[in-house]
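Inspection log for the structure reproduced underneath, given as structure tokens.
These numbers come from a predicted model, not from an experiment. We use all heavy atoms of the structure for the numbers below, so side chains are in, but hydrogens, waters and symmetry mates are not.
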Amino acid sequence: MKKVLKTAAIVLSAASVALGTAPAVTSADNPVVQTSYTSDPAPMVYDGVFYMYTGHDADGADNYIMPDWKCFSSTDMQNWTDHGTILPESTFKWAGENSAWAAQCIERNGKFYMYVTVVPANGGGRAIGVAVADSPTGPFTDPIGKPLCGPDWAFIDPTVFIDDDGQAYLYFGNPNPYYVKLNEDMISYSGSITKVNMTPEGFGTRSDGENRMYVEGPWFYKRGGLYYLLYAANGIPENIAYSTAPTPTGPWTYRGVIMPSEGRSFTNHCGIVDYEGRSYFAYHNGALPGGNGFQRSVCIEEFTYNADGSIPTIKMSKSGPEQLHALDPFVRTEAECFCWEEGIETETCSEGGINIANIENGDYVKVKGVDFSEGADTFTASVSSAEKGGSIELRIDSPSGEIIGTCEVPSTGGWQKWQEVSCPVEVSGEHDLYLRFTGGSGFLFNVDWWRFGGAGQAPDNGSLYHSTFERSLESWSGRAGAKVTVSDEASAAGEKSAKVTDRTSAWQGIVRRLGRDFKAGMSYSFSAKAMCAGEDTVFHLTLQYSDGEDVLYKKIDTVSAKKGQWVQLCGNDFMLPEGASDMYVYVETDSGTADFYADEMIAASAGIDLIDPEFIDAVPGDTDRNGRIDGFDLVIARKGLVGGFKDIYAEKAADADRSGSVQINDIVLIQKYLLGDIKVFPEK
Ligand code: FUB
């Protein structure tokens with residue numbers, strides 16, 4: 001693979017010199033993966049991350065030699081992190097070798113179910129297997145130790161969907177679609193496997209006149225009450241077509257071709273998901289150097305549904321989707337997260353995850369849209385080398401662009417012996433970043449991760465998450481059917497917020513899962529800011545969790561808000577109940593379904609006070625916050641004036657004339673109030 005790509009890059013460079021243009025390859029995101037041939041994409045969105053599961057065509061294969069399934073993820077749709085082989089075919093002890101055909105992964109109740117195609121070692125046809133994991137990237141195990149469906153030569157290409165009523169469906173099959181209803185455990189089914197009857201009305205007519213477009217590779221889902229079945233169609237070479245139905249099992253109506261056949265692979269295979277309010281179509285072709293029907297590559301395009309729910313014609317592109325937001329270089333970034341590479345490979349890292357490897361002189365990775373903001377002055381990377389090492393040239397905007405710093409990599413005594421190296425850099429603003437590797441002959445060094453430091457770095461406030469929505473929704477999404485989008489219509493800080501729309505119930509709000517950083521039985525501080533432009537409302541910041549049997553709820557904070565007023569919901573030192581699992585935090589309203597905005601969502605370790613003084617609406621005079629104004633309040637105000645206040649609420653309440661600071665006049669006003677000389681404190 002490596003050599004093939006290098007040769008191709010040389011060919012492209014030569015062509016571009018002749019044409020006087022830059023090599024198109026350096027600005028491409030498609031194919032998504034360049035370090036190996038990948039096929040049969042199955043996208044899945046989970047916890048704010050876009051995962052792309054793929055098959056794997058072995059290098060140099062002239063047939064389907066497919067040993068495992070891989071996974072790649074992105075949060076900006078241009079830079080992709082390689083998670084490596086997440087499921088080797090050998091996990092299925094009953095399966096043969098190199099028969100790891102199309103698969104799809106789905107989450108249910110915090111577990112990840114991967115439905116796959118394999119050939120059982122003892123024959124009988126192909127079969128659908130199922131593997132399960134606790135995380136989207138595995139490790140997966142085979143919970144049943146045998147095929148879920150099959151063997152039968154027609155049983156390939158599973159696609160899975162869980163309907164709103166909780167019923168899960170598995171469609172699969174070539175040359176006919178079949179479906180079966182999965183049980184809630186997702187690893188068994190009820191009823192029989194049903195073959196779908198194909199009619200020209202339901203599945204179209206091929207260009208050669210055959211009365212069914214459908215071939216294989218179904219992708220099943222629901223949108224706006226309509227069920228969609230996309231599939232590879234029209235024989236060889238395949239295009240992608242689709243049918244829709246009012247129920248999960250038909251009757252189907254043929255709706256046309258989505259992606260005409262092109263791109264050097266005689267098969268195609270698709271998947272569709274929505275992510276951050278946009279729609280994406282994944283497919284494969286033979287676009288990489290050496291590409292063909294057995295050396296395929298996964299690509300992705302953004303598209304917009306037509307108003308009637310139909311899918312427009314989608315063309316294959318080299319550029320892929322627009323980058324959703326810039327990459328933050330001031331946090332640890334995995335070296336295997338990039339938009340494009342030339343010459344490198346990836347491998348399993350002894351420190352966990354993946355590292356980039358087999359680096360030779362002149363190889364590079366391109367990281368697209370990196371926001372250095374006010375500026376970076378240092379670069380640090382974790383590197384290893386069993387040889388002499390070399391240098392990392394940090395260039396911007398093109399592989400031969402300005403060098404902003406050069407980091408020397410020494411021998412570390414082993415390809416998996418890691419050491420941090422640093423160097424000064426000078427850069428600010430947003431750029432494409434190129435890590436270009438130089439040195440002598442042979443393999444130079446490996447890189448596990450990198451990060452920049454400097455003025456552009458946001459201050460560390462000890463937060464476990466701090467979502468500002470300036471660039472993306474991060475890990476937040478709509479709860480129970482609400483829609484959430486990044487909006488510049490309102491904000492509590494910065495310029496943007498998350499807008500929650502399409503609500504039909506008060507509990508439909510904005511939600512995020514509490515990941516591994518949050519432990520049941522431990523306390524954390526949570527904060528969120530919210531504003532409803534349409535009506536006065538009451539906001540709740542709520543924890544949803546499971547005790548193993550039931551789904552339970554616990555209010556973190558409740559605040560009333562006037563129409564158009566930003567309020568803070570805050571719970572310092574809030575304990576996550578013992579034994580809780582499947583934990584989510586969300587903002588909802590007490591009643592009403594008006595749109596609202598959320599911003600500045602923070603969680604931090606216990607002991608960190610997240611109360612924002614700007615948002616404290618203290619009652620003048622009530623320094624101990626007990627709902628009455630009495631002599632104790634006067635004592636607190638006096639002591640605070642002399643020796644300083646213990647908390648920000650007391651200080652705000654002691655500022656009886658709302659002048660912005662506590663003065664002797666405030667003490668006099670509280671005294672007058674207690675004596676009955678005044679009935680109210682002066683307005684601001
Ligand atoms: O990757 C092997 C097979 O090729 C898949 O199962 C089909 O959908 C086609 O893409």
Side-chain angles (χ1 to χ4, degrees), residues 39-44 53 55 69 101-108 113-118 125-131 147-199 201-204 212-223 225-234 238-255 258 267-273 281-284 311:
S39 56
D40 303 325
M44 179 188 83
Y53 296 86
W69 294 273
W101 285 20
Q104 188 184 338
C105 187
I106 197 168
E107 184 263 351
R108 184 166 204 167
Y113 298 90
M114 182 102 166
Y115 298 88
V116 305
T117 316
V118 286
R126 296 192 190 279
I128 310 296
V130 58
L148 174 66
C149 303
D152 184 314
W153 286 111
F155 288 6
I156 69 168
D157 297 355
T159 175
V160 60
F161 168 70
I162 305 170
D163 209 346
D164 299 337
D165 62 1
Q167 177 62 59
Y169 295 85
L170 196 66
Y171 268 86
F172 49 88
N174 170 337
N176 260 85
Y178 296 78
Y179 72 84
V180 69
K181 290 181 176 184
L182 294 173
N183 292 332
E184 207 182 331
D185 65 9
M186 300 295 276
I187 57 171
S188 62
Y189 61 84
S190 293
S192 52
I193 295 174
T194 305
K195 188 174 179 176
V196 177
N197 181 29
M198 287 202 283
T199 59
E201 294 72 39
F203 290 90
R212 54 184 185 90
M213 286 287 278
Y214 181 94
V215 178
E216 59 182 359
W219 183 266
F220 180 50
Y221 68 105
K222 181 179 172 181
R223 181 178 182 271
L226 194 63
Y227 295 84
Y228 289 71
L229 194 67
L230 279 57
Y231 41 84
N234 204 36
E238 293 173 343
N239 59 29
I240 301 287
Y242 76 119
S243 305
T244 59
T247 81
T249 55
W252 294 101
T253 301
Y254 179 67
R255 301 294 296 267
I258 299 170
T267 64
N268 200 347
H269 191 115
C270 73
I272 271 190
V273 286
F281 180 86
Y283 60 97
H284 71 216
I311 302 173

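- R126 and T117 share no side-chain donor-acceptor pair at under 3.5 Å.
- When every heavy atom of V116 is checked against every heavy atom of P158, the shortest pair comes out as N-CG, 3.7 Å.
- Note that CD1 of I240 and CG of N234 are 11.0 Å apart. Values are rounded to the nearest 0.5 Å.
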Checklist entry - Please walk me through it: do Y214 and V196 pass side-chain contact (heavy atoms from CB on, under 4.5 Å)? => result CA-CA 11 Å; Y214 181 94; V196 177; over 6 Å; no

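- T159 and Q104 share a side-chain donor-acceptor pair at under 3.5 Å.
- Summarising the geometry of C105 relative to M44, their closest heavy-atom pair is O-SD, 3.6 Å, with the distance given to 0.1 Å.
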Item to check | Pair E216-T267, side-chain contact (heavy atoms from CB on, under 4.5 Å): steps then yes or no | outcome: CA-CA 9 Å; E216 59 182 359; T267 64; 4.0 Å; yes

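- Nearest heavy-atom pair, P175 versus R212, reported as atom, atom and distance to 0.1 Å: O-NH1, 3.0 Å.
- Ring geometry, F220 versus Y171: the interplanar angle falls from 30° to 60°, so the pair is classed tilted.
- Side-chain atoms of D163 and Y227 include a donor-acceptor pair closer than 3.5 Å.
- The shortest side-chain heavy-atom distance between L230 and I311 falls under the 4.5 Å cut-off.
- Remark: Y115 OH to I187 CD1 distance equals 8.5 Å, nearest 0.5 Å.
- In this structure, NZ in K195 is found 4.5 Å from CG in N176, a value given to the nearest 0.5 Å.
- Counting heavy-atom neighbours within 6.0 Å of Q167 CD, excluding the residue itself, gives a total above 12.
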Item to check | Criterion side-chain contact (heavy atoms from CB on, under 4.5 Å) on M213 and M198, from CA distance to verdict | outcome: CA-CA 9 Å; M213 286 287 278; M198 287 202 283; over 6 Å; no

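- Scanning all heavy atoms of the two residues, the minimum distance from P151 to A127 falls at CA-CB, 4.1 Å.
- The aromatic ring centroids of Y221 and Y228 lie less than 6.0 Å from each other.
- One finds the SG atom of C149 at 5.5 Å from the CG atom of L170 (value rounded to the nearest 0.5 Å).
- The number of heavy-atom neighbours closer than 6.0 Å to NZ of K222, taken from other residues, nucleotides and ligands shown, is above 12.
- Residues E238 and N268 come closest through the heavy atom pair OE1-N, 2.9 Å.
- Remark: aromatic rings of F172 and F155 are close, center separation under 6.0 Å.
- Formation of a donor-acceptor pair under 3.5 Å by the H269 side chain with backbone atoms of A42 is not found in this model.
- Here the side chains of M186 and I106 are in contact, with some heavy-atom distance below 4.5 Å.
- Atom OG of S39 and atom CH2 of W69 lie 10.5 Å apart (nearest 0.5 Å).
- In this structure, W252 and A245 approach most closely via the heavy-atom pair CE3-CB, 3.4 Å.
- Atom OH of residue Y178 and atom CD1 of residue I156 lie 11.0 Å apart, to the nearest 0.5 angstrom.
- In this structure, a donor-acceptor pair under 3.5 Å is absent between the side chains of T249 and Y169.
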Item to check | Worked check of side-chain contact (heavy atoms from CB on, under 4.5 Å) between L182 and V130 | outcome: CA-CA 11 Å; L182 294 173; V130 58; over 6 Å; no

